[in-house]
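Atoms within a ligand are numbered from 1 in the order they appear, just like the ligands themselves.
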Amino acid sequence: MKIGIASDHGGYKLKESIIRRFTNITFDDVGTFTEESCDYPDYISKVCYKIQNGELEYGIVICGTGIGASIVANKIQGIRAALCCNEFMAEMARRHNSANVLALGARVLGEELAFRIVDRWLSSSFEGGRHQLRIDKIRELETAQRKPR
Ligand code: RB5
């Protein structure tokens, strides 16, 4: 399985730890590659565009709180990013929201909790059914955004 991963400087260390921890996954790491201050939209958008164009199916985006990362990711059409603070949220993000991007806050979560969240998100699956109807409505909202008013 290949998963995109991106962070700003606030999420850099956690990004590196996740890559080291999940040896069964091939990561497409689009940066940042140092702890030098940078702007999270630059890196988070990179991984989301790869999902949008079909190069990748899933991504993990990390900043200090996870808030900026999730805001950016959800601006990109086709991305359903979920900022998760525990395993339950991670599981529901897949089962009900079909979240294709997991957002994490490196300054909010301990490393072990972050690993458990990633693990739960990866091992959960979308339930479909009534939840698919809701995903379809999200898509309709995205499409409506593109139409001139
Ligand atoms: C960077 O200092 C910090 O603002 C960023 O990592 C993130 O928390 C933004 O939402």
Side-chain angles (χ1 to χ4, degrees), residues 1-126 131 134-146:
M1 187 191 291
K2 192 174 182 186
I3 296 204
I5 193 162
S7 77
D8 70 353
H9 56 288
Y12 170 73
K13 276 189 175 160
L14 180 58
K15 171 170 73 67
E16 297 301 305
S17 301
I18 288 172
I19 292 169
R20 272 197 307 272
R21 164 72 174 68
F22 290 88
T23 49
N24 54 326
I25 290 170
T26 306
F27 286 99
D28 183 349
D29 182 3
V30 302
T32 187
F33 298 107
T34 71
E35 283 187 273
E36 195 180 323
S37 181
C38 64
D39 301 327
Y40 55 84
D42 298 342
Y43 295 95
I44 306 311
S45 61
K46 266 191 199 175
V47 88
C48 292
Y49 282 129
K50 283 186 178 226
I51 295 169
Q52 190 184 53
N53 72 25
E55 207 177 314
L56 295 168
E57 200 174 349
Y58 298 108
I60 297 173
V61 296
I62 313 165
C63 66
T65 58
I67 296 171
S70 59
I71 291 173
V72 170
N74 279 313
K75 293 287 178 199
I76 294 160
Q77 198 169 12
I79 301 300
R80 291 177 302 279
L83 173 55
C84 295
C85 306
N86 57 46
E87 296 104 306
F88 177 72
M89 292 176 80
E91 182 176 333
M92 298 318 281
R94 290 289 313 136
R95 286 176 55 187
H96 286 191
N97 310 111
S98 190
N100 50 10
V101 170
L102 172 66
L104 299 172
R107 295 174 183 157
V108 181
L109 305 168
E111 207 175 73
E112 285 304 321
L113 176 56
F115 292 162
R116 291 201 302 273
I117 290 171
V118 170
D119 201 34
R120 187 72 71 89
W121 180 70
L122 289 172
S123 58
S124 304
S125 330
F126 183 48
H131 303 295
R134 294 159 189 169
I135 300 300
D136 293 344
K137 288 191 176 189
I138 293 172
R139 284 218 184 92
E140 281 168 24
L141 288 169
E142 285 180 330
T143 311
Q145 296 285 319
R146 283 188 299 164

Backbone of I67 reached by a side-chain donor or acceptor of S70 within 3.5 Å: yes

Could you check [atom] against the protein and tell me its nearest heavy-atom contact, residue, atom and distance included?
| atom | answer |
| --- | --- |
| atom 9 (C) of ligand 1 | Y40 CE2, 3.5 Å |
| atom 8 (O) of ligand 1 | T65 N, 3.0 Å |
| atom 7 (C) of ligand 1 | C63 SG, 3.3 Å |
| atom 10 (O) of ligand 1 | G68 N, 2.9 Å |
| atom 2 (O) of ligand 1 | R107 NH1, 3.3 Å |

Approximate separation, where rounding is to 0.5 Å, of E36 CD and Y12 OH: 12.0 Å

From SG (C63) to CG (L104), nearest 0.5 Å: 9.5 Å

Going by the atom numbers of ligand 1, which of them fall below 4.0 Å from some non-hydrogen atom of [X]?
| X | answer |
| --- | --- |
| H9 | 1 (C), 2 (O) |
| D8 | 1 (C), 5 (C), 6 (O) |
| G64 | 5 (C), 6 (O), 7 (C), 8 (O) |

Protein non-hydrogen atom found under 4.0 Å from atom 4 (O) of ligand 1: no

Mutual orientation of the aromatic rings belonging to H96 and H131 [parallel < 30°, tilted 30-60°, perpendicular > 60°]: parallel

Residue from V47, I19, L14 passing side chain to side chain contact (heavy atoms under 4.5 Å, CB included) with I5: I19

Test log, rule salt bridge (Lys or Arg N to Asp or Glu O under 4.0 Å), inputs D119 and R116: CA-CA 5 Å; D119 201 34; R116 291 201 302 273; over 6 Å; no

F33 atom CZ, over 12 foreign heavy atoms within 6.0 Å: yes

